[in-house]
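Here the structure is laid out as structure tokens; the discussion comes afterwards.
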Amino acid sequence: MSLKEQIDIKKLPRHVAIIMDGNGRWAKQQGEQRTFGHKNGVTAVREVTEAAAELGVEYLTLYAFSTENWNRPRNEIDALMDLLINTMNVELKTLNENDIRLSAIGDLKSLPTKCYDNLMQTIEATKDNKRMTLVLALSYSAKWEMTQAIQKIASKVKEGTLSKEDISEDVISDHLCTKDMPEPELLIRTSGENRISNFLLWQIAYSELYFTKTLWPEFDKEEFYTALIDYQKRERRFGNVPENLSSTDHA
Ligand code: IPE
Ligand code: IPE
Ligand code: MG
């Protein structure tokens with residue numbers, strides 16, 4: 001039985017989030033510059049997006065650039081921003097053909113103007129697509145996201161449109177960039193690093209974590225299926241005891 005056939009479609013996560021890591025190390029292994037790794041990382045993005053959409057995953061969130069990544073050398077940042085613009089231009093047709101909506105989370109206003117404008121145009125051009133939402137985390141960090149959420153909530157309390165007692169988990173979720181999305185049931189990180197690097201801290205409170213040593217440019221559909229199969233073998237208890245779980249809670 002192929003890996004794809006081993007996946008139980010009824011227990012598919014609605015939302016998968018991925019920390020795409022290892023482009024630089026992969027390039028180094030090939031005796032190339034780091035930017036060569038980023039270019040080849042686009043192939044993996046294409047593979048995983050296609051695999052997720054084909055299976056019926058509703059949301060795929062990809063960590064593409066963190067707020068900390070602004071500390072990288074200027075030439076690497078420029079190359080990443082150019083690659084983003086280029087990829088959006090090339091892939092727009094494919095996104096529409098495959099009924100995939102593009103969305104983005106993060107401090108988007110901090111992106112270079114050309115990049116921001118291009119992103120907004122691609123989001124607008126795909127907004128009616130229904131099969132899957134592909135979310136790019138750009139200039140994103142969870143601490144930035146939570147800080148801006150707290151600022152917005154504090155302003156509402158000050159204005160008198162929200163009372164302190166009404167600040168609930170749902171209210172906090174509603175002020176995050178992910179407000180219209182389910183929380184990811186599965187978080188994947190490539191490249192063998194076992195850390196979260198400031199990604200979706202609130203939203204992954206109960207996510208299943210999957211770490212693989214594969215470097216991002218080598219991540220493909222089969223690797224994605226392997227992660228899903230691993231996820232489907234797990235028992236999600238949410239603090240409860242096994243005897244108390246309904247069959248729908250397992251994945
Ligand atoms: C991930 O690969 C891509 C981005 C963070 C933009 P890296 O560039 O972090 O590659 P490594 O971790 O140095 O190998
Ligand atoms: C996390 O990878 C950010 C992205 C994948 C965009 P990094 O390579 O920047 O994270 P660290 O430095 O390993 O924590
Ligand atoms: Mg890295």
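Each ligand, and each atom within it, is numbered from 1 in the order the structure gives.
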Between [Y] and [X], does any NZ, NE, NH1 or NH2 come within less than 4.0 Å of an OD or OE carboxylate oxygen?
X: E54; Y: K4; value: yes
X: R14; Y: E185; value: no
X: K221; Y: E47; value: no

Next on the checklist: Per the salt bridge (charged side-chain N to carboxylate O under 4.0 Å, His left out) rule, what does the pair list look like for residues 103-129, sequence neighbours excluded?
Outcome noted: E124-K127

Next on the checklist: Tell me which pairs pass salt bridge (charged side-chain N to carboxylate O under 4.0 Å, His left out) where either residue lies in residues 21-40, with sequence neighbours left out.
Outcome noted: D21-R25, D21-R189, R25-E193, R34-E76

Item to check | Heavy-atom pair with the smallest gap, counting every atom of M1 and Q6 | outcome: O-NE2, 3.3 Å

Next on the checklist: So which atom in L111 and which in S139 form the shortest heavy-atom distance, rounded to 0.1 Å?
Outcome noted: CD2-CB, 4.3 Å

Table of N or O contacts for ligand 2, cutoff 3.5 Å:
from: ligand 2; atom 1: 8 (O); to: D21; atom 2: OD1; distance (Å): 3.1
from: ligand 2; atom 1: 8 (O); to: R72; atom 2: NH2; distance (Å): 3.3
from: ligand 2; atom 1: 9 (O); to: N69; atom 2: ND2; distance (Å): 2.9
from: ligand 2; atom 1: 9 (O); to: R72; atom 2: NH2; distance (Å): 3.3
from: ligand 2; atom 1: 10 (O); to: S197; atom 2: OG; distance (Å): 3.4
from: ligand 2; atom 1: 13 (O); to: R189; atom 2: NH2; distance (Å): 3.2
from: ligand 2; atom 1: 13 (O); to: R195; atom 2: NE; distance (Å): 3.4
from: ligand 2; atom 1: 13 (O); to: R195; atom 2: NH2; distance (Å): 2.8
from: ligand 2; atom 1: 14 (O); to: R195; atom 2: NE; distance (Å): 3.0
from: ligand 2; atom 1: 14 (O); to: S197; atom 2: OG; distance (Å): 2.6

Checklist entry - Which ligand 1 atoms does H38 reach within 4.0 Å, using its non-hydrogen atoms? => result 3 (C), 8 (O)

Checklist entry - Would you say the side chains of S191 and W216 form a donor-acceptor pair under 3.5 Å? => result no

Item to check | Sub-2.8 Å protein N, O or S atoms surrounding the Mg ion (ligand 3) | outcome: D21 OD1

Next on the checklist: Parallel, tilted or perpendicular: which one describes the rings of W144 and Y140, with boundaries at 30° and 60°?
Outcome noted: perpendicular

Checklist entry - Would you say K28 touches ligand 1, if touching means a heavy atom closer than 4.0 Å? => result no

Checklist entry - Can Y231 and Y210 be said to form a ring-ring contact (aromatic ring centres under 6.0 Å, His included), step by step? => result CA-CA 8 Å; Y231 160 82; Y210 178 87; 10.0 Å; no

